[in-house]
There are 2 protein chains.
Amino acid sequence: MMDYTQQAQWLKAMAHPTRLEILDILRRGEECVCHMEAALGKRQSYISQQLMTLRDAGLVDSRRDGLNVFYFLCAPDTLLPLLDAVLGPLDDAARRHLPGCVCPHCAPVAVASS
Amino acid sequence: MMDYTQQAQWLKAMAHPTRLEILDILRRGEECVCHMEAALGKRQSYISQQLMTLRDAGLVDSRRDGLNVFYFLCAPDTLLPLLDAVLGPLDDAARRHLPGCVCPHCAPVAVASS
DNA sequence: ATATTCTATTCAGGATTCGGAATATTGAAT
DNA sequence: ATTCAATATTCCGAATCCTGAATAGAATAT
């Protein structure tokens with residue numbers, strides 16, 4: 001007999017507009033918190049909360065790199081098809097370099113200035 | 001810009017063990033309430049409630065046939081792939097004819113007996 | 001009309017979640 | 001040691017959800 005409890009937990013963690021948007025960002029690759037802050041236009045503490053929910057559900061994991069903490073999808077093999085089914089296939093037109101964002105991914109051009 | 005609200009609503013309706021189990025039954029075809037009652041081993045009012053939740057979210061719809069009300073998936077084209085991604089592909093080994101069930105699908109052999 | 005069967009709704013308590021504000025922690029730089 | 005920047009956690013009132021019990025409705029048969 002199947003369990004359904006584990007799957008329900010996953011879906012529950014996904015069933016939130018902000019968290020879905022975060023997952024939509026992360027299926028393009030890992031990102032730091034400050035990037036999501038710029039992308040979502042929400043406060044950092046709020047985003048951290050939603051990330052904690054996703055982490056507790058086992059959907060995402062994080063790694064630290066200096067000051068930044070990068071988040072990424074935990075089980076891409078099962079999660080990516082699910083996100084494709086929910087959000088539609090990935091459109092590469094969506095750009096990763098946000099205007100106002102200064103995270104290492106968006107503004108890596110700060111080497112030699114003066 | 002994408003909305004994420006509609007998808008979150010759908011996922012939220014799915015994010016419950018009993019409702020997932022109901023959807024798992026319905027992806028094999030329509031079934032009446034009394035069938036699910038036998039399949040899930042829960043009370044009828046409880047099942048009706050969960051079905052109402054699924055109906056309000058637009059995941060299932062129903063039709064009446066005499067005394068029985070049959071439920072079926074509402075948008076199979078988008079819902080079936082999603083359920084496949086969540087629950088795994090359909091295994092036809094799971095039988096539809098429950099032992100204790102007397103619904104028209106399970107016990108249609110009441111024509112000529114004596 | 002009445003009874004029976006199948007399904008739907010309402011109700012109420014307890015439990016859980018939501019969302020924002022405030023605060024804490026962690027690592028790097030000076 | 002101190003300061004700063006990035007991220008994490010805690011707290012709390014409000015809102016929502018869960019779930020079983022009771023009740024209501026709808027269709028059929030007698």
Side-chain angles (χ1 to χ4, degrees), chain A residues 4-5 8-22 25-26 30-57 60-72 98 100-107 110, chain B residues 4-5 8-22 25-26 30-57 60-72 98 100-107 110:
Chain A
Y4 300 101
T5 307
Q9 290 296 114
W10 284 20
L11 291 174
K12 193 173 186 179
M14 299 175 60
H16 185 284
T18 300
R19 295 199 290 269
L20 261 186
E21 194 168 1
I22 289 175
I25 290 174
L26 291 184
E30 66 172 16
E31 290 291 356
C32 65
V33 178
C34 73
H35 178 95
M36 304 183 212
E37 197 176 350
L40 306 188
K42 311 266 186 181
R43 307 209 164 188
Q44 174 269 320
S45 63
Y46 181 62
I47 292 172
S48 244
Q49 268 186 131
Q50 307 302 348
L51 284 171
M52 181 170 52
T53 300
L54 290 172
R55 188 157 25 85
D56 288 349
V60 307
D61 203 350
S62 60
R63 73 178 178 82
R64 166 155 243 144
D65 181 6
L67 278 181
N68 300 86
V69 174
F70 287 89
Y71 279 81
F72 50 89
L98 296 176
C101 186
V102 292
C103 83
H105 277 177
C106 289
Chain B
Y4 300 102
T5 307
Q9 289 297 112
W10 285 19
L11 291 174
K12 193 173 187 180
M14 298 175 61
H16 186 284
T18 300
R19 294 199 291 267
L20 261 186
E21 193 167 2
I22 289 175
I25 290 175
L26 291 185
E30 64 171 19
E31 290 292 356
C32 65
V33 178
C34 73
H35 178 94
M36 305 184 210
E37 197 176 350
L40 305 187
K42 311 267 185 179
R43 305 207 166 190
Q44 173 267 320
S45 65
Y46 181 62
I47 292 172
S48 246
Q49 271 185 132
Q50 307 301 351
L51 284 171
M52 181 169 51
T53 300
L54 291 173
R55 188 155 27 85
D56 288 349
V60 308
D61 203 350
S62 61
R63 73 177 178 86
R64 167 154 242 144
D65 181 5
L67 276 181
N68 300 85
V69 173
F70 288 90
Y71 278 81
F72 51 89
L98 296 175
C101 185
V102 292
C103 83
H105 278 176
C106 288

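These numbers were taken from a predicted model, which means no experiment stands behind them. Chain A is the first sequence line, chain B the second, and so forth, proteins listed ahead of strands; every chain is numbered from 1.
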Rounded to the Å, how far apart are [X] [atom1] and [N] [atom2]?
| X | N | atom1 | atom2 | answer |
| --- | --- | --- | --- | --- |
| R19(B) | dT19(D) | CZ | C1' | 12 Å |
| F70(A) | dA8(D) | CZ | P | 12 Å |
| I47(A) | dA21(C) | CD1 | P | 14 Å |
| N68(B) | dT7(C) | CG | C1' | 10 Å |
| I22(A) | dA8(D) | CD1 | P | 11 Å |
| D56(A) | dT16(C) | CG | P | 15 Å |
| L67(B) | dA29(D) | CG | P | 7 Å |
| D61(B) | dA8(C) | CG | P | 11 Å |

Any non-hydrogen side-chain atom of [X] less than 4.5 Å from a side-chain atom of [Y]?
| X | Y | result |
| --- | --- | --- |
| L26(A) | F72(A) | no |
| L11(B) | L20(A) | yes |
| K42(B) | Q50(B) | no |

Query raised in the report: Passes side-chain contact (heavy atoms from CB on, under 4.5 Å), I25(B) versus L40(B)? Steps please.
Result: CA-CA 10 Å; I25(B) 290 175; L40(B) 305 187; 4.0 Å; yes
Are any of [X]'s side-chain N or O atoms less than 4.0 Å away from OP1 or OP2 of [N]?
| X | N | answer |
| --- | --- | --- |
| K12(A) | dC17(D) | no |
| H16(B) | dC17(D) | no |
| R43(A) | dA21(C) | yes |
| Y71(A) | dA6(D) | no |

Query - OG1 on T18(A) to CG on L54(A), rounded to 0.5 Å - result: 10.0 Å
Report task. Find the distance between CG (D61(B)) and CD (E30(B)) and round it off to the nearest 0.5 Å. Result ->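 Interatomic distance, D61(B) CG to E30(B) CD, rounded to 0.5 Å: 11.0 Å.
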Query raised in the report: Does the side-chain contact (heavy atoms from CB on, under 4.5 Å) test come out yes or no for L51(A) and M36(A), once each step is laid out?
Result: CA-CA 10 Å; L51(A) 284 171; M36(A) 304 183 212; 4.1 Å; yes
Measure all distances between protein nitrogen or oxygen atoms and nitrogen or oxygen atoms of nucleotides 9-11 of chain C, and list the pairs falling under 3.5 Å.
residue, atom, partner, partner atom, Å
dT10(C), O4, Q49(B), OE1, 3.4

Query - Given DNA chain D, 5'-ward residue of the pair Q50(B) and E37(A), judged by closest heavy atom - result: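 So the residue in question is E37(A).
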Query raised in the report: Nearest of dT7(C), dA28(C), dA8(D) to any side-chain atom of V33(A)?
Result: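 The listed nucleotide nearest to V33(A)'s side chain is dA8(D).
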